[in-house]
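Input: one structure, supplied below.
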Amino acid sequence: MLSMLIRRKGRRTHTDDRNLALVLATTAGILNAMALGAFGIFPSHMSGNTSQLSSEVSNTDLSDVLFLAAMIGAFVIGSVTSRLLAISGLKNNIRTIYSIILLLEGILLVLVSLFETYYYSYGNSHEIIIFLGFLMGVHNSTSTQLSSGRVRSTHITGTLTDIGIALASVMASLLRRDPSKQVKVQRSQLITHLVTLSSFLIGGIAGLLLFKQFGFNSMVAVGIFLVLVAIGSITLTIMISRRRLMRLHFL
C-alpha cells in the first residue's frame with residue numbers, strides 16, 4: 001500500500017490509485033469536516049467559496065471578499081507549490097518526491113493544529129483557515145499528479161462528473177454487449193472514482209465526530225498519520241533500492 005506514493009516508470013495500477021484515494025481522500029474529508037466544525041467553513045470547497053465570493057462582491061462586503069479571495073488564492077498557491085516541488089524532484093530523479101511533499105504537509109498540519117490546540121483564538125481563525133486552504137491545495141495537487149488526474153482527493157464535483165462519464169460508458173457497452181478492453185478500463189476507473197467518493201464521505205463523517213470528541217487534538221492526529229504514511233513510503237523505497245543494489249553487486 002505504501003508504494004502508492006511512488007512515481008513508477010511503468011503504468012500505475014488501479015490498486016495504487018484506490019489505495020491513494022483511501023488515504024488522501026479520506027484524510028481530505030476528515031480535515032474538511034474538522035475545519036467546518038472548528039471555523040464553520042470548508043477549506044477545500046472552492047466551487048462554493050468562489051460562488052460565495054461572487055455574492056459578497058455584489059453585496060460590497062470588502063472584508064469577506066478579501067477573505068474568500070485569500071482562501072482561493074491559498075488553495076492555488078498550494079497546488080503550485082506541490083507542482084514545483086514535484087517538477088524539481090522528478091528532474092533530480094527523486095522517486096520519493098511525492099512522499100516528501102506529503103511529509104511536509106503532515107508536519108505543517110501538526111504544527112498549525114498544535115498552535116490551535118494551545119493558542120486558539122477567534123481573532124486568528126481567518127489566517128488558520130487560509131493556511132488550511134493552502135494545505136488542501138497541496139493535498140489535492142499531489143494526488144492529482146500522482147494518479148495522472150484519476151484521483152482528486154478534494155475535488156468531489158470533478159469526481160462525480162468522472163463517475164457519470166465512466167458509468168455512462170459502462171452502460172453503453174453493456175447495451176451493445178461490447179466486451180472490449182476499453183470497457184474493462186472504464187469499469188475499473190468507475191470503481192476507483194467510487195472509492196474516492198466514498199472515502200471522502202466517510203472521512204467527512206469521521207472528521208465531525210472526531211472533532212466533537214477531541215477538538216484540535218484530532219487534527220494533530222491526522223497530521224501525524226500523514227507523516228507516518230510518508231515516512232513508511234520513503235523507508236520502503238530505500239529498502240527496495242538497497243536490495244536491488246545488493247543483487248547487482250553479487251551478480
Side-chain angles (χ1 to χ4, degrees), residues 2 4-8 12 17 20-21 23-32 34-35 39 41-50 53 66-116 124-159 196 200 203 219-220 222-234 237:
L2 293 174
M4 65 184 176
L5 290 172
I6 306 302
R7 171 68 81 179
R8 299 180 180 180
R12 279 177 66 87
D17 287 342
L20 185 70
V23 173
L24 295 193
T26 300
T27 51
I30 290 173
L31 290 174
N32 212 35
M34 286 180 176
F39 308 109
I41 192 169
F42 292 115
S44 74
H45 188 32
M46 291 301 114
S47 298
N49 292 335
T50 303
L53 175 62
L66 292 176
F67 167 62
L68 290 168
M71 188 161 59
I72 294 168
F75 188 92
V76 174
I77 291 171
S79 298
V80 170
T81 301
S82 175
R83 180 55 182 161
L84 289 176
L85 289 172
I87 290 172
S88 177
L90 295 174
K91 184 178 179 180
N92 291 285
N93 200 30
I94 302 175
R95 295 183 62 217
T96 58
I97 183 58
Y98 293 106
S99 301
I100 294 171
I101 294 171
L102 190 66
L103 175 62
L104 294 173
E105 179 195 347
I107 291 172
L108 291 173
L109 179 59
V110 168
L111 293 176
V112 73
S113 301
L114 286 173
F115 177 83
E116 284 298 282
N124 62 23
S125 61
H126 279 190
E127 289 80 1
I128 299 299
I129 297 170
I130 290 169
F131 188 72
L132 287 176
F134 167 81
L135 292 181
M136 283 295 191
V138 172
H139 202 81
N140 193 54
S141 178
T142 301
S143 64
T144 301
Q145 291 177 80
L146 251 175
S147 64
S148 299
R150 290 184 293 274
V151 176
R152 295 180 174 88
S153 54
T154 70
H155 188 42
I156 299 305
T157 302
T159 300
T196 303
F200 189 88
M219 197 175 289
V220 174
V222 175
I224 292 173
F225 172 74
L226 292 176
V227 168
L228 292 176
V229 170
I231 291 175
S233 179
I234 293 170
T237 304

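Heavy atoms only: backbone and side chains are in, while hydrogens, waters and symmetry mates are out. Residue numbers start at 1 and run along the sequence shown.
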- Query: Shortest non-hydrogen contact from Val222 to Ile30?
  - Reply: CG2-CG2, 3.7 Å

- Hey, could you give me each pair passing salt bridge (Lys or Arg N to Asp or Glu O under 4.0 Å) that has a residue in residues 103-112? Not counting sequence neighbours. none

- Message: Distance check, rounded to the nearest 0.5 Å: Ser125 atom OG versus Phe67 atom CZ?
- Response: 7.0 Å

- Straight-line distance of Leu102 CG to Thr27 OG1, nearest 0.5 Å: 7.5 Å

- Query: Nearest 0.5 Å, what's the CD1-CG distance between Ile41 and Leu68?
  - Reply: 5.5 Å

- Message: Just to verify, what does Ile87 make a side chain to side chain contact (heavy atoms under 4.5 Å, CB included) with, not counting sequence neighbours?
- Response: Arg83

- Taking atom CG of Leu135 and atom CG of Leu31, what is their separation to the nearest 0.5 Å? 8.0 Å

- Task: Could you note down all residue pairs passing salt bridge (Lys or Arg N to Asp or Glu O under 4.0 Å) where residues 135-157 supplies at least one of them, sequence neighbours left out?
- Result: Asp17-Arg150, Arg152-Asp162

- Output, in order, the C-alpha distance, side-chain angles, deciding distance and verdict of side chain to side chain contact (heavy atoms under 4.5 Å, CB included) for Ile130 and Phe134. CA-CA 6 Å; Ile130 290 169; Phe134 167 81; over 6 Å; no

- Query: Would Ile97 and Leu90 count as a side chain to side chain contact (heavy atoms under 4.5 Å, CB included) if you check the C-alpha gap in whole Å, the side-chain angles of each, and the deciding distance to 0.1 Å?
  - Reply: CA-CA 7 Å; Ile97 183 58; Leu90 295 174; 4.1 Å; yes

- Can you tell me if Ser233 uses its side chain to pair, donor with acceptor, with the backbone of Val229 under 3.5 Å? no

- Note on the structure: Contacts of Ser82 meeting side chain to side chain contact (heavy atoms under 4.5 Å, CB included) (sequence neighbours excluded), chain-then-number -> Ile101, Val138, Ser141, Thr142, Gln145

- With sequence neighbours left out, what residues match Ile231 under side chain to side chain contact (heavy atoms under 4.5 Å, CB included)? Leu103, Val227, Thr235

- Message: Testing the basics here: between Gly106 and Leu226, what is the closest heavy-atom pair and its distance to 0.1 Å?
- Response: CA-CB, 4.0 Å

- Message: Rounded to the nearest 0.5 Å, what separates atom CD1 in Ile94 from atom CG in Leu85?
- Response: 10.0 Å

- Any donor-acceptor pair under 3.5 Å from Thr81 side chain to Ile77 backbone: yes

- Any sub-3.5 Å donor-acceptor pair from Ser143's side-chain atoms to Ser153's backbone N or O? yes

- State the CD1-CZ distance between Ile128 and Phe115, to the nearest 0.5 angstrom. 5.5 Å

- Testing Asn32, Ile129, Thr154, Leu132 for side-chain contact (heavy atoms from CB on, under 4.5 Å) with Phe42, which one passes? Asn32

- Item | Contacts of Phe225 that satisfy ring-ring contact (aromatic ring centres under 6.0 Å, His included) - sequence neighbours left out | none

- Go through Val151 and Leu24 one step at a time and tell me if the side chain to side chain contact (heavy atoms under 4.5 Å, CB included) criterion holds. CA-CA 9 Å; Val151 176; Leu24 295 193; 5.9 Å; no

- Query: Looking only at heavy atoms, what is the nearest atom pair of Gly223 and Val110, with distance?
  - Reply: C-CG2, 3.5 Å

